[in-house]
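Basis for what follows: all heavy atoms, side chains included, without hydrogens, waters or symmetry-related copies.
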Amino acid sequence: MGLIFNNENEIRDKVEGTFGTSDSYLVAIKHNDTKTGLAKLLASNLAYVLDSNRTFIINFDAKGIHEKEMSSTIKGDFLLMPWNEIEAIDVDIKNKKAIIELIHIGKKLAYEIPFDGKIFKDNKENLLHLKENKWHRI
């Protein structure tokens, strides 16, 4: 739903207002691995559609990874996943997207980072910045 109701300027303003900078965030779509996606598809088509279209703003700083799910509005606070709770981060970059997988307190989370699209236009540059700066991890 965040794809429909929000634009890139609102997202950038939200990130700058919260963190003071806008070069360390990514707009992401929830990513399910093949096994999870197939299980949700078999369980319920509606659950699969709703779960696979969740959109997030994820911001990286010295404290950790901040996540905010976007819906019809981007109001509200970011949730913090501190670095000491992140066991691993893996990035697979392809032509038009990247997949970021991380393990937070034993649970695998995955995000798809598209590089094309109106609200995704800063993703490629910001992802390169984050990788160069080692995700701002201390």
Side-chain angles (χ1 to χ4, degrees):
M1 293 302 261
L3 298 171
I4 299 170
F5 296 108
N6 300 295
N7 68 47
E8 70 274 11
N9 293 326
E10 289 175 327
I11 295 168
R12 194 176 300 113
D13 290 346
K14 172 72 174 177
V15 172
E16 285 178 353
T18 305
F19 302 104
T21 182
S22 65
D23 61 354
S24 297
Y25 80 95
L26 301 167
V27 179
I29 299 171
K30 172 122 167 69
H31 179 77
N32 291 319
D33 61 10
T34 306
K35 184 173 70 172
T36 305
L38 184 59
K40 288 182 181 184
L41 180 61
L42 292 174
S44 169
N45 287 341
L46 180 61
Y48 177 77
V49 170
L50 292 175
D51 185 58
S52 63
N53 287 315
R54 293 172 58 199
T55 310
F56 296 88
I57 303 170
I58 49 177
N59 191 77
F60 299 80
D61 67 9
K63 293 178 184 177
I65 302 171
H66 303 264
E67 176 191 77
K68 168 78 178 99
E69 185 169 2
M70 297 179 354
S71 57
S72 59
T73 181
I74 57 173
K75 294 180 181 176
D77 296 327
F78 284 80
L79 299 174
L80 174 64
M81 293 180 277
W83 285 122
N84 64 338
E85 296 177 356
I86 305 294
E87 296 173 29
I89 296 178
D90 184 42
V91 180
D92 181 22
I93 299 176
K94 302 180 185 212
N95 285 336
K96 296 185 180 196
K97 66 181 178 181
I99 305 294
I100 296 178
E101 294 180 347
L102 59 101
I103 299 175
H104 176 244
I105 313 177
K107 182 178 179 187
K108 181 179 172 184
L109 302 172
Y111 301 97
E112 181 177 326
I113 313 298
F115 298 143
D116 293 333
K118 193 170 186 176
I119 67 170
F120 304 115
K121 72 179 190 176
D122 293 335
N123 277 352
K124 190 169 192 172
E125 183 179 321
N126 287 354
L127 181 64
L128 294 174
H129 169 77
L130 287 165
K131 284 187 69 174
E132 287 173 7
N133 290 292
K134 299 184 189 325
W135 309 100
H136 301 298
R137 193 173 192 168
I138 297 177

**Q.** Partner set under side chain to side chain donor-acceptor pair (under 3.5 Å) for Thr21, not counting sequence neighbours
**A.** Asp23
Q.
Holding to ring-ring contact (aromatic ring centres under 6.0 Å, His included), I want the full list of residues that pass it with Trp135, two or more places apart in sequence or in another chain.
A. Phe60
Q: Assess whether ring pair (Phe, Tyr, Trp, His ring centres under 6.0 Å) is satisfied between Tyr25 and Phe19, documenting all intermediate values.
A: CA-CA 10 Å; Tyr25 80 95; Phe19 302 104; 9.4 Å; no
(Q) Between Ile113 and Asn126, is there a side-chain heavy-atom distance shorter than 4.5 Å? (A) no
Q.
Before you tell me yes or no, could you show the steps for Ile100 and Leu127 under side-chain contact (heavy atoms from CB on, under 4.5 Å), namely the whole-Å CA-CA distance, both residues' side-chain angles and the distance that decides it to 0.1 Å?
A. CA-CA 10 Å; Ile100 296 178; Leu127 181 64; 4.2 Å; yes
**Q.** Qualifying residues under side-chain contact (heavy atoms from CB on, under 4.5 Å), relative to Lys124, sequence neighbours excluded
**A.** Phe115
Indicate every side-chain donor-acceptor pair of residues 63-70 with a distance under 3.5 Å to a residue at least two apart or in another chain.
from, atom 1, to, atom 2, distance (Å)
His66, NE2, Asp61, OD1, 3.0
His66, NE2, Asp61, OD2, 3.0
Glu67, OE2, Tyr111, OH, 2.2
Lys68, NZ, Lys75, O, 3.0
Glu69, OE1, Arg54, NH2, 3.2
Glu69, OE2, Arg54, NE, 3.0

Q: Kindly write out the residues that satisfy side-chain contact (heavy atoms from CB on, under 4.5 Å) with Glu16, not counting sequence neighbours, or none if the list is empty.
A: Arg12, Asp13, Ser22
Q | Set of residues satisfying side chain to side chain donor-acceptor pair (under 3.5 Å) with respect to Glu8, sequence neighbours excluded | A | none
Q: May I ask you to list the residues sharing a hydrophobic cluster with Leu128, side-chain cutoff 4.5 Å, ordered by chain and number?
A: none
Q) Nearest heavy-atom pair of Ile86 and His104: which atoms, and what distance? A) CD1-CD2, 3.7 Å
**Q.** Rounded distance [0.5 Å steps], CG in Leu26 versus CZ in Phe56
**A.** 13.5 Å
Q. Should side-chain heavy atoms under 4.5 Å link Ile, Leu, Val, Met, Phe, Trp and Tyr, which residues sit in the same cluster as Leu80?
A. none
Q. Partners of Ser24 by side-chain contact (heavy atoms from CB on, under 4.5 Å), sequence neighbours excluded?
A. Asn59, His129, Leu130, His136
Q.
Test: ring-ring contact (aromatic ring centres under 6.0 Å, His included). Region: residues 79-99. Which pairs qualify, not counting sequence neighbours?
A. none
Using distance only, find each side-chain donor-acceptor pair of residues 87-98 under 3.5 Å and give its atom names and separation, not counting sequence neighbours.
from, atom 1, to, atom 2, distance (Å)
Glu87, OE2, Gly106, N, 3.0

